[in-house]
There are 2 protein chains.
Amino acid sequence: MQTDPDFSLDEVDRQILAELQQDGRMTNVELARRVGLSAPPCLRRVRRLEEEGIIRGYHAELDPVALGYEITFFALVGLESQKEAVLSAFEGMVREWPEVRECHMIRGGGDFLLRLVARDTAHENALTSRLTAAPEVARVQTLQTIRTAKDAAGVPV
Amino acid sequence: MQTDPDFSLDEVDRQILAELQQDGRMTNVELARRVGLSAPPCLRRVRRLEEEGIIRGYHAELDPVALGYEITFFALVGLESQKEAVLSAFEGMVREWPEVRECHMIRGGGDFLLRLVARDTAHENALTSRLTAAPEVARVQTLQTIRTAKDAAGVPV
DNA sequence: GCTTGGCGCGCAATATCATTGCTCGACCCC
DNA sequence: GGGGTCGAGCAATGATATTGCGCGCCAAGC
């Protein structure tokens with residue numbers, strides 16, 4: 001039961017998670033040094049955390065601007081129906097759009113919060129239009145990000 | 001000029017970025033194999049991408065539920081003022097709250113979109129109350145996440 | 001109280017990987 | 001053509017990951 005709230009995570013495990021959340025490419029030797037263990041048991045703990053699904057993966061964090069994405073914005077999308085088929089169809093559609101990075105259903109259905117990236121304002125407008133024009137979409141409210149004060153990945157450990 | 005849109009990123013660089021965004025702990029040997037290079041030039045490219053800030057870091061992705069955070073939600077917060085001092089004060093405050101994982105200013109000031117985590121609904125309510133009670137906060141609208149159809153980190157490569 | 005297991009650590013050995021210096025070929029500008 | 005630059009590959013070295021094994025610690029049973 002990998003989603004069992006903690007209970008089996010001791011202090012060392014939490015420290016390992018905190019370190020790897022902060023720097024996922026740290027060598028096992030360095031990680032072991034920081035948590036006060038020798039390398040082998042440290043690696044075994046990391047493997048266990050991976051196998052239990054507590055560590056889901058490792059990702060490089062890239063600079064969006066360097067890759068040509070100047071704009072990050074959010075969109076609140078309201079659908080005309082709360083029928084499951086409609087909701088799934090919408091989710092399936094945005095799943096295929098590479099510019100849509102996150103799609104969360106909110107308030108019990110019929111509404112979605114999306115996070116998107118765009119190369120420029122023209123691209124952003126095009127994406128908004130595409131959303132508005134999509135079947136069953138009733139409302140689109142875009143939330144342009146002006147500045148980001150905090151962007152911590154993951155969860156506090 | 002690390003934020004210069006691409007131009008200096010060739011096809012191999014992009015492939016490296018895509019692979020590392022997907023699996024940030026891949027060994028350099030494996031990465032080199034996938035992009036069709038030998039290990040040394042591959043490593044040199046990765047180092048260059050790191051030094052130029054195109055790769056900002058590496059992070060483990062953790063299961064929030066396993067760490068005791070059952071709930072992820074968003075909050076739209078409106079302030080009573082758009083004065084820079086007020087905006088900064090609000091940002092400084094939420095920066096200190098571990099449960100606030102992201103804080104984006106939207107629509108030119110006075111409004112913020114936050115992403116938060118909470119252990120349970122009681123915790124969530126407490127956080128919402130704390131937000132509402134904070135100085136200069138005029139409105140708080142919470143957007144409860146019912147289900148997440150897509151949660152891709154980073155940007156398309 | 002001693003024995004018996006289970007559990008998790010550290011040690012040591014080996015395979016794998018990261019990292020450096022060097023050489024070579026391709027391309028460009030003269 | 002003749003430097004010059006750039007980036008790749010090779011080879012050698014140092015670090016790291018990974019495995020097997022033995023030991024000590026704690027807890028349950030006799």
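Protein chains get the first letters and strands the later ones, always in sequence-line order, with residue 1 at the start of each.
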Going by atom type alone, with no hydrogens or angles, which donor-acceptor pairs under 3.5 Å involve a side-chain atom of residues 127-137 of chain A and a protein atom two or more places apart or on another chain?
unit_1	atom_1	unit_2	atom_2	d
A:Thr128	OG1	A:Glu124	O	3.0
A:Ser129	OG	A:Asn125	O	2.9
A:Thr132	OG1	A:Thr128	O	2.9

Check: residues 149-157 of chain B side-chain donor-acceptor pairs under 3.5 Å, at least two apart:
unit_1	atom_1	unit_2	atom_2	d
B:Lys150	NZ	A:Arg95	O	3.0
B:Lys150	NZ	A:Trp97	O	3.0
B:Lys150	NZ	A:Val100	O	3.0

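Applying the ring pair (Phe, Tyr, Trp, His ring centres under 6.0 Å) test to A:Tyr58 and every residue at least two apart in sequence or in another chain returns nothing. By the side-chain hydrogen bond (donor to acceptor under 3.5 Å, both in side chains) test, A:Gln15 is found to be paired with no residue, residues two or more places apart in sequence or in another chain being considered. For B:Arg34, the side-chain contact (heavy atoms from CB on, under 4.5 Å) test picks out B:Glu19, B:Met26, B:Glu30, with sequence neighbours left out.
The stretch residues 11-45 of chain A participates, sequence neighbours left out, in no ring-ring contact (aromatic ring centres under 6.0 Å, His included) pair at all. Sorted by first and then second residue, the side chain to side chain donor-acceptor pair (under 3.5 Å) pairs with a member in residues 104-118 of chain A read A:Glu102-A:His104, A:Glu102-A:Arg115, A:His104-B:Thr148, A:Asp111-A:Arg139; sequence neighbours excluded. Within the structure, ring-ring contact (aromatic ring centres under 6.0 Å, His included) contacts touching residues 109-132 of chain A (residues at least two apart or in different chains) are A:Phe90-A:Phe112.
Near DNA chain C, meaning a heavy atom under 4.0 Å from it, residues 19-30 of chain B has B:Thr27, B:Asn28, B:Val29 in order of number.
Looking at B:Asn28 and B:Arg33, their side chains never come closer than 4.5 Å, going by heavy atoms from C-beta outward.
Annotation for A:Leu143: hydrophobic cluster partners, listed by chain and number, are A:Phe74, A:Leu76, A:Ile106, A:Leu113, B:Phe74, B:Leu76, B:Ile106, B:Leu113, B:Leu143 (ILVMFWY side-chain heavy atoms under 4.5 Å, direct or chained).
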Which atoms of nucleotides 6-11 of chain C (N or O only) lie under 3.5 Å from a protein N or O atom, and what are those distances?
unit_1	atom_1	unit_2	atom_2	d
C:dC9	OP1	A:Arg45	NE	3.2
C:dC9	OP1	A:Arg45	NH2	2.6
C:dG10	OP2	A:Ser38	N	2.9
C:dG10	OP2	A:Ser38	OG	2.8
C:dG10	O6	A:Arg44	NH2	3.1

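Close approach of DNA chain D to chain B, defined as any atom under 4.0 Å from a non-hydrogen atom of the protein, starts and stops at D:dA8 to D:dA11.
Heavy atoms of B:Arg47 sit under 4.0 angstrom from primed sugar atoms or phosphate atoms, though from no base atom.
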